[in-house]
Protein chains: 4
Amino acid sequence: MPAHPLEPRRTPPGGRALKTVERILEATALLLDEVGFDALTTNAIAERAGVNVASLYKYFPNKYAVLTGLAERMRDEQLALIRRPTEPGAWREELATLLDVFLDLFVSRPGFATLASVLSSSAPLREIDEASLAAEARALSERLAEYGVEGSRADREAIARVALEAARGVLPLARRAGPARRKRLMRELRRMLEAYLAGHIEG
Amino acid sequence: MPAHPLEPRRTPPGGRALKTVERILEATALLLDEVGFDALTTNAIAERAGVNVASLYKYFPNKYAVLTGLAERMRDEQLALIRRPTEPGAWREELATLLDVFLDLFVSRPGFATLASVLSSSAPLREIDEASLAAEARALSERLAEYGVEGSRADREAIARVALEAARGVLPLARRAGPARRKRLMRELRRMLEAYLAGHIEG
Amino acid sequence: MPAHPLEPRRTPPGGRALKTVERILEATALLLDEVGFDALTTNAIAERAGVNVASLYKYFPNKYAVLTGLAERMRDEQLALIRRPTEPGAWREELATLLDVFLDLFVSRPGFATLASVLSSSAPLREIDEASLAAEARALSERLAEYGVEGSRADREAIARVALEAARGVLPLARRAGPARRKRLMRELRRMLEAYLAGHIEG
Amino acid sequence: MPAHPLEPRRTPPGGRALKTVERILEATALLLDEVGFDALTTNAIAERAGVNVASLYKYFPNKYAVLTGLAERMRDEQLALIRRPTEPGAWREELATLLDVFLDLFVSRPGFATLASVLSSSAPLREIDEASLAAEARALSERLAEYGVEGSRADREAIARVALEAARGVLPLARRAGPARRKRLMRELRRMLEAYLAGHIEG
DNA sequence: CATGAATGAGAATTCATTCAT
DNA sequence: CATGAATGAATTCTCATTCAT
């Protein structure tokens with residue numbers, strides 16, 4: 001049994017409890033961006049969410065479970081984007097679109113950009129971090145397979161993972177940048193991924 | 001005046017004190033990898049370093065300053081690697097070499113891999129993080145200029161930064177991976193950067 | 001924003017919390033007399049009060065705020081005594097009575113005697129000290145006005161302040177003295193103030 | 001044996017050691033006014049005095065001994081002023097002069113005003129405080145005897161002590177006040193003491 | 001002897017977490 | 001069930017004091 005059980009305490013029965021969980025996660029996300037990881041406290045989260053700390057602990061067994069909840073949400077949204085089907089053949093267009101929606105995700109969803117680095121700098125969260133990234137890489141590698149990328153499963157997953165890591169590095173940066181710099185960064189990111197994937201898809 | 005002044009309290013003139021500072025930074029690096037950012041305490045650092053906590057605070061005004069010290073060291077080592085000159089023309093070879101030595105840095109220098117994500121997840125450290133990355137991007141962009149990459153200064157820095165972020169994402173991953181996976185990941189990283197830079201250098 | 005905000009963290013609405021605040025202040029007063037200012041620690045206060053240190057910090061932002069709370073209480077009690085109306089004309093009797101009740105206050109209220117000197121020897125508390133004394137002097141000067149003391153407002157306040165300071169110096173001394181010495185000291189204090197005020201009221 | 005031996009560690013042999021002690025005491029006085037009692041640290045004193053902490057501990061066994069040293073100096077200077085003989089008969093003039101020189105002492109000698117309250121708010125120093133005040137009261141009571149004040153020794157000492165306490169209360173206040181207010185306060189202090197002593201000397 | 005450096009012990013303050021109502 | 005209130009256990013940071021050179 002791990003020191004920090006990360007599973008939510010009980011599936012919120014729906015209705016008003018769900019709204020409570022929602023507000024806790026949202027407050028967590030906002031605070032993460034505002035004050036960073038190490039100033040994030042459960043008391044602050046509860047206050048910001050407008051709920052009592054004891055309520056927070058009713059739905060999450062501990063602090064890390066809250067972050068885990070947020071991480072799962074982030075992972076699910078990213079998975080959904082990756083899996084969203086598109087017309088085959090137009091991989092360059094799809095890549096461009098995917099980068100756009102990912103940027104949108106990182107920009108419009110507070111906390112996501114910060115959460116990504118939090119997950120890999122905190123020991124209790126590393127596991128979920130790696131699992132999430134592996135899942136995303138797997139999903140992406142399946143798309144690569146559709147596009148005819150060859151090699152072993154592991155090869156394709158490595159390709160996917162490398163592409164993902166590149167995006168995960170640049171997106172938070174683009175988020176913080178002004179419009180001109182953001183455009184430049186996104187353009188270069190797209191170029192890099194295009195050049196890279198072209199070798200695998202077309203080569 | 002910021003809440004957390006990050007400057008070291010005084011440059012140790014070079015006798016016993018230097019050794020103390022050295023051991024503090026080393027202990028910090030080790031602990032960062034072992035327990036992660038949020039379990040990192042100044043007491044633990046001091047204990048691990050075999051010095052008294054008060055000594056730690058004699059040389060660093062607070063916890064963040066210790067991490068800053070480590071970050072500066074990391075930045076300087078990376079800058080040195082980036083700037084190391086090489087015979088012109090062989091950019092592919094140089095890239096491969098650079099990735100090798102960077103991997104070596106991330107693998108052999110404890111704390112570096114973790115520190116990278118710590119820096120962007122902690123508000124008091126974001127500034128130094130961005131400054132360090134900007135400096136590295138600038139150094140790298142100068143190398144790109146030598147290789148004939150065209151475009152504005154800002155363009156070249158964006159290119160450099162995107163390449164850097166990709167590497168910074170994959171290297172910690174490669175560090176944690178077993179030999180086979182590490183090889184795959186590094187190969188793909190190299191392919192990606194080669195394909196990308198080829199477009200800028202040769203195109 | 002000052003280094004040591006002195007305002008209580010929130011007015012306890014009046015249930016259990018009020019009792020906690022009460023006990024903290026009482027413990028502070030007792031310890032102040034017993035161990036003095038520089039041995040006064042928040043941990044000792046909490047322990048003596050039978051509450052957790054964290055509770056102390058829930059109601060007071062820092063150590064100085066606790067002392068400020070006590071100082072305000074002291075000021076209010078002194079103000080109440082000064083303002084307590086009496087039959088006009090009998091100023092000597094009123095003075096004697098006032099000195100008696102002040103002595104009683106200093107003797108029976110632990111901490112008050114010590115607190116007085118603490119307030120002026122600690123930089124973060126000097127402000128509240130001066131403000132309290134000014135308020136008391138103002139209140140006393142209003143009584144002097146009722147008794148026909150002439151001169152400007154500032155003059156009367158100076159008279160009041162000088163009288164107050166004399167009392168504030170002698171009272172802690174009388175408190176510590178045995179019965180005989182106490183009697184002598186109080187008699188002389190009364191004589192001094194009578195002689196002084198006679199000149200202003202009757203002259 | 002008391003927890004805090006207050007005697008200086010050895011009489012400074014004269015010459016350069018004396019200068020060191022001198023500088024320590026001066027630094028202590030300055031800091032006392034600037035930062036107050038509770039922010040006064042031996043390290044800060046040493047730094048301000050331009051000597052090494054270890055040197056401070058060579059001449060003073062502990063922190064309280066430094067304050068004691070300052071207190072003794074203060075007491076001696078006050079005693080000298082009180083004892084300074086003058087032509088008999090002119091007690092009002094002498095009182096006025098004495099108040100003037102005392103004010104000068106409190107104004108020009110940093111730390112003295114603050115030290116007075118420090119001494120009575122710190123348990124380890126209370127003894128020396130009371131002893132000093134008793135000595136001053138005794139000296140003053142001898143002057144009162146010269147002027148024909150009657151009553152027992154204890155009576156005269158009570159008179160002297162009450163007068164002293166009044167002065168000790170007002171002087172720090174006058175020190176902090178602007179010129180106009182200072183003048184008013186000193187005038188009233190003089191009036192009070194005159195009226196009081198007139199009753200004992202002339203009545 | 002004076003200093004750079006160190007340190008044991010503790011002090012202020014915080015935080016994750018729980019309980020009583 | 002939600003909340004006001006409490007708390008055990010750290011955590012950051014400081015300080016009086018000492019030692020080695």
Side-chain angles (χ1 to χ4, degrees), chain A residues 4 13 15-17 20 38-46 50-66, chain B residues 4 10 12-21 38-46 50-66, chain C residues 4 10 12-21 38-46 50-66, chain D residues 4 13 15-17 20 38-46 50-66:
Chain A
H4 295 286
R16 83 203 53 183
T20 298
D38 50 339
L40 186 75
T41 75
T42 50
N43 285 291
I45 292 173
V51 309
N52 190 283
V53 213
S55 294
L56 185 154
Y57 279 91
K58 179 154 236 131
Y59 296 107
F60 299 95
N62 56 56
K63 186 188 175 182
Y64 297 104
V66 181
Chain B
H4 295 287
R10 65 188 77 195
R16 265 141 289 190
L18 197 129
K19 199 151 280 178
T20 299
V21 166
D38 50 339
L40 185 75
T41 75
T42 48
N43 281 305
I45 294 173
V51 308
N52 189 284
V53 213
S55 292
L56 185 156
Y57 279 93
K58 177 139 195 236
Y59 298 107
F60 300 96
N62 55 57
K63 186 187 173 180
Y64 299 103
V66 181
Chain C
H4 294 288
R10 65 187 78 196
R16 267 141 290 191
L18 197 130
K19 199 150 282 175
T20 299
V21 167
D38 50 339
L40 185 76
T41 75
T42 49
N43 282 300
I45 292 173
V51 308
N52 190 284
V53 214
S55 292
L56 186 155
Y57 280 92
K58 177 139 195 236
Y59 297 107
F60 300 95
N62 56 56
K63 186 187 174 181
Y64 299 103
V66 181
Chain D
H4 295 287
R16 84 201 53 182
T20 298
D38 48 340
L40 185 76
T41 76
T42 50
N43 285 291
I45 292 173
V51 308
N52 190 284
V53 212
S55 295
L56 185 155
Y57 279 90
K58 180 155 234 123
Y59 296 108
F60 298 96
N62 57 55
K63 186 188 176 184
Y64 297 104
V66 181

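Throughout, protein chains are lettered first and strands after them, A, B, ... in sequence-line order, and every chain is numbered starting at 1.
A straight line from OH of C/Tyr57 to C1' of F/dT7 spans 15 Å, rounded to a whole angstrom. In this structure, the CZ atom of D/Phe60 is 15 Å from the C1' atom of F/dA16, given to the nearest Å. To the nearest angstrom, P of F/dT14 lies 19 Å from CG of C/Asp38. For C/Lys63 and E/dT13, the NZ to P distance is 9 Å, given to the nearest whole Å. Per the geometry, OH belonging to B/Tyr59 stands 16 Å off C1' belonging to F/dT14, to the nearest Å. Summarising the geometry, the separation between CG on A/Asn43 and P on F/dT3 is reported as 14 Å, rounded to the nearest angstrom. F/dT17 atom C1' lies 13 Å from atom OH of D/Tyr64, rounded to whole Å. Rounded to whole Å, the distance from NZ on C/Lys58 to P on E/dC15 is 14 Å.
Between C/Ala39 and A/Ala44, the residue whose closest nucleotide on DNA chain E is further toward the 5' end is C/Ala39.
Close to E/dA5, at under 4.0 Å from its OP1 or OP2, lies no side-chain N or O of B/Thr20. Proximity of D/Thr41 to the phosphate of F/dT14: no side-chain N or O atom is located under 4.0 Å from OP1 or OP2. Between A/Ser55 and F/dT3, a side-chain N or O to OP1/OP2 separation shorter than 4.0 Å is present.
For E/dG10, the paired nucleotide is F/dC13, the pair qualifying as Watson-Crick or G-U wobble because both relevant distances are below 3.5 Å. Pairing for E/dA20 goes to F/dT3, judged as Watson-Crick or G-U wobble with the two contacts each under 3.5 Å.
Contact check for B/Tyr59 versus B/Val51: no side-chain heavy atoms found under the 4.5 Å cut-off. Counting only heavy atoms from C-beta outward, the side chains of B/Phe60 and B/Thr42 never approach each other to under 4.5 Å.
The nucleotide whose nearest atom lies closest to any side-chain atom of A/Asn62 is, among F/dT7, E/dT17, F/dC13, E/dT17.
In this structure, C/Lys58 contributes its side chain and C/Ala17 its backbone to no donor-acceptor pair below 3.5 Å.
With A/Leu56 as the fixed residue, the side chain to side chain contact (heavy atoms under 4.5 Å, CB included) test singles out one of A/Asn43, A/Val66, A/Thr20: A/Val66.
A/Leu40 comes within 4.0 angstrom of the backbone, heavy atoms only, and of no base. Looking at heavy-atom distances under 4.0 Å, A/Thr42 makes contact with a base. Across all strands, C/Val53 comes closer than 4.0 Å to base atoms (heavy-atom distances).
A donor-acceptor contact under 3.5 Å is formed by the side chain of D/Asn52 with the base of E/dG4.
Taking every heavy atom of both residues into account, C/Tyr57 and C/Asn62 meet most closely at CE2-CA, 3.9 Å.
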